[in-house]
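Read through the structure below, which is laid out as structure tokens, and then see the notes.
No experiment lies behind these values; they were computed from the predicted model shown.
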Amino acid sequence: MQEIIEKINKLKKEKKAIILAHCYQNVEIDLVADYVGDSLGLSKIAAKTDAKIIVFAGVYFMAETAKILSPDKKVLLPNLNSGCQMANMIDSKRMKEFKDKYPGVPVVCYVNSTAEVKALADICCTSSNAVDIVRSLGVKKVLFAPDCYLGSWVAKKLPEVEIISYNGFCPTHLRLMPDEIKKMRILYPDAAVLLHPECHREAVKLADFVGSTTQIMQYCEKSKKKTFLIGTEKGVVDRLSRDLPEKEFILITDRLICHNMKYNTLEDILHVLETGENEVFVEENLRKAALCAIERMVECRV
Ligand code: 13P
Ligand code: SF4
């Protein structure tokens with residue numbers, strides 16, 4: 001492994017490349033990553049980096065978002081199998097049908113979506129800023145796509161806004177059953193329960209804290225608790241266990257694995273750096289349209 005890491009680091013310097021990694025990636029990817037974080041943090045870095053090449057160790061929509069924000073850079077996805085099942089639940093045709101049912105209602109689009117869907121939205125959001133983004137619009141009614149569970153979470157936090165959600169979902173987070181949380185609470189009565197807002201609404205009701213991957217990690221760092229029951233993808237538990245060895249982190253169910261996130265390997269990263277293969281492209285008119293919604297989110301001061 002050390003040999004691959006050295007080759008990657010050498011090529012990174014030679015080619016002026018940076019490696020961005022989402023915290024659901026295989027944990028060894030961090031050994032070569034320049035930044036590891038959640039979707040929002042990584043988008044902000046992609047928008048301002050002066051690197052020539054961005055290797056995005058994440059899923060396709062994340063690499064595509066980086067390309068939309070940084071069109072002059074070469075954006076490479078280490079393994080093209082890395083797609084997001086939620087993002088693939090809506091395309092431009094379905095988004096248009098959804099919008100046509102509610103003419104004039106502003107559309108908030110979760111970044112877990114394709115460029116063609118973002119292009120039809122007024123503003124994007126991520127799991128870390130969804131509540132703030134909807135609040136910032138100052139309207140009474142909002143269309144929210146594609147995740148109906150994140151939509152429900154926002155609605156719970158902002159009862160004054162009517163949220164009409166598309167019926168997309170994350171198959172990974174929905175594997176977490178409310179009963180599993182209840183059982184784990186009995187086994188670990190002193191533990192804090194932390195969940196991602198993509199989880200089922202009945203599961204979210206049982207959490208002590210609900211937030212994006214980075215927000216969950218920050219909560220664990222600051223908390224005085226010693227044990228944490230984690231309801232998001234396994235990569236978060238792997239990183240927390242590595243970074244905070246004095247605390248205990250337990251994945252509530254071992255079914256919380258996003259297999260699509262696990263395709264990228266160190267070998268794939270080396271391969272794309274060597275060959276320039278797996279470049280992500282976005283057609284220019286589409287890019288500009290999607291950029292409006294992403295920029296509004298990145299610039300939103302909330
Ligand atoms: P974050 O917004 O926390 O990065 O999550 C992205 C994601 O894909 C969750 O399933
Ligand atoms: Fe998509 Fe769910 Fe995987 Fe996140 S965990 S990338 S929403 S399938």
Side-chain angles (χ1 to χ4, degrees), residues 1-2 4-6 8-9 12 17-46 48-49 51 54-59 62 66 78 82 111 126-129 170 172-173 176 180-181 184-185 187-199 207-269:
M1 182 153 80
Q2 196 50 37
I4 295 187
I5 293 170
E6 279 165 22
I8 291 173
N9 286 336
K12 258 202 316 191
I18 56 163
I19 300 177
L20 306 183
H22 190 269
C23 39
Y24 291 168
Q25 290 290 288
N26 291 307
V27 72
E28 65 272 17
I29 301 289
D30 294 12
L31 298 169
V32 296
D34 297 283
Y35 299 95
V36 182
D38 67 1
S39 313
L40 181 64
L42 296 173
S43 306
K44 285 183 173 168
I45 289 166
K48 64 173 198 224
T49 178
I54 299 172
V55 178
F56 210 119
V59 286
M62 296 180 178
S82 305
V111 288
T126 73
S127 62
S128 60
N129 63 15
C170 166
T172 303
H173 284 89
L176 175 59
E180 292 175 302
I181 303 174
M184 290 295 262
R185 274 232 192 251
L187 288 174
Y188 299 93
D190 296 328
V193 175
L194 289 81
L195 261 60
H196 196 279
E198 287 174 12
C199 291
D208 296 308
F209 177 77
V210 178
S212 77
T213 49
T214 299
Q215 288 166 341
I216 288 176
M217 290 165 102
Q218 286 166 347
Y219 181 103
C220 294
E221 206 182 325
K222 287 187 194 136
S223 169
K224 290 200 168 63
K225 294 249 181 195
K226 286 271 173 265
T227 309
F228 301 85
L229 300 174
I230 306 291
T232 189
E233 212 275 342
K234 179 178 176 292
V236 169
V237 169
D238 294 341
R239 285 169 176 81
L240 284 167
S241 306
R242 177 197 64 196
D243 297 342
L244 302 169
E246 68 287 5
K247 296 181 178 179
E248 186 183 19
F249 301 97
I250 299 159
L251 194 63
I252 301 175
T253 159
D254 58 12
R255 297 189 316 284
L256 277 167
I257 296 183
C258 175
H259 296 284
N260 286 18
M261 276 277 182
K262 306 301 191 200
Y263 281 118
N264 298 312
T265 61
L266 288 171
E267 285 80 1
D268 292 330
I269 292 178

| field | D268 side-chain N/O to T265 backbone N/O, donor-acceptor pair under 3.5 Å | value | yes
| message | Between D238 and R242 (salt bridge meaning N to carboxylate O under 4.0 Å), is one present in this structure? | response | no
| message | Keeping R255 on the side-chain end and L176 on the backbone end, is there a donor-acceptor pair under 3.5 Å? | response | no
| said: Can you tell me how far apart CG (L229) and CG (L187) are? Round to the nearest 0.5 Å. | reply: 9.0 Å
| What's the shortest heavy-atom distance between A21 and A33, and which atoms? | CB-CB, 3.9 Å
| request: Please name the pair of heavy atoms, one in A46 and one in A66, separated by the smallest distance, quoted to 0.1 Å. | output: CB-CB, 3.7 Å
| Yes or no on side-chain contact (heavy atoms from CB on, under 4.5 Å) for K234 and L256, after CA distance, side-chain angles and deciding distance? | CA-CA 6 Å; K234 179 178 176 292; L256 277 167; 5.7 Å; no
| query | Of all heavy-atom pairs between A57 and I29, which one has the smallest distance, and what is that distance? | reply | CB-CG2, 3.8 Å
| task | Output yes when a side-chain donor or acceptor of K12 lies under 3.5 Å from a complementary backbone atom of V32, and no otherwise. | result | yes
| remark: Per side-chain contact (heavy atoms from CB on, under 4.5 Å), I54 is matched among T49, D34, I45, L42 by T49
| Is the closest side-chain heavy-atom distance between M261 and Q25 below 4.5 Å? | yes
| query | Should F209 and Q215 count as side-chain neighbours, where that means a heavy-atom distance under 4.5 Å? | reply | yes
| Are T213 and D38 close enough that a side-chain donor and a side-chain acceptor fall under 3.5 Å? | no
| task | Determine whether the side chains of S128 and T126 contain a donor N or O and an acceptor N or O closer than 3.5 Å. | result | yes
| request: Taking all non-hydrogen atoms of both residues into account, name the closest pair between M62 and S39 and its distance. | output: CE-OG, 3.7 Å
| remark: Value for CD1 (I19) from CZ (F56), rounded to nearest 0.5 Å, stands at 12.0 Å
| field | Smallest separation among heavy atoms of A191 and F228, with atom names | value | CB-N, 4.4 Å
| message | side-chain contact (heavy atoms from CB on, under 4.5 Å), that's the test. Do L266 and I8 meet it? Break it down for me. | response | CA-CA 8 Å; L266 288 171; I8 291 173; 4.2 Å; yes
| remark: Note: K262 and N26 closest approach over all heavy atoms is O-ND2, 3.0 Å
| request: Supply the atom-to-atom distance C220 SG to L240 CG, rounded to the nearest 0.5 angstrom. | output: 5.0 Å
| said: For Q218, is there any backbone N or O sitting under 3.5 Å from a side-chain donor or acceptor partner on E221? | reply: no
| said: Can you tell whether the side chains of K225 and D208 come within less than 4.0 Å, N to carboxylate O? | reply: no
| Out of H173, H196, E198, which residue meets the side-chain hydrogen bond (donor to acceptor under 3.5 Å, both in side chains) rule with T232? | H173
| field | Check: H259 and I257 side chains under 4.5 Å, non-hydrogen atoms | value | yes
| task | Evaluate the side-chain contact (heavy atoms from CB on, under 4.5 Å) criterion for residues L251 and T253: first the C-alpha distance (whole Å), next the side-chain angles of each, then the deciding distance (0.1 Å), finally the verdict. | result | CA-CA 5 Å; L251 194 63; T253 159; over 6 Å; no
| remark: Here the gap from E6 atom CD to M1 atom CE, rounded to the nearest 0.5 Å, amounts to 12.0 Å
| request: Verify, without hydrogens or angle tests, whether S223 (side chain) and Y219 (backbone) share a donor-acceptor contact under 3.5 angstrom. | output: no
| Check ion pair R239-E233 (N to O, under 4.0 angstrom) | no
| said: Is it the case that the side chain of E180 and the backbone of I252 share a donor-acceptor pair, with hydrogens and angles ignored and the cut-off at 3.5 Å? | reply: no
| request: Check the pair V59 / H22 against side-chain contact (heavy atoms from CB on, under 4.5 Å), numbers first and verdict last. | output: CA-CA 9 Å; V59 286; H22 190 269; over 6 Å; no
| Any side-chain heavy atom of I230 within less than 4.5 Å of one from I250? | no
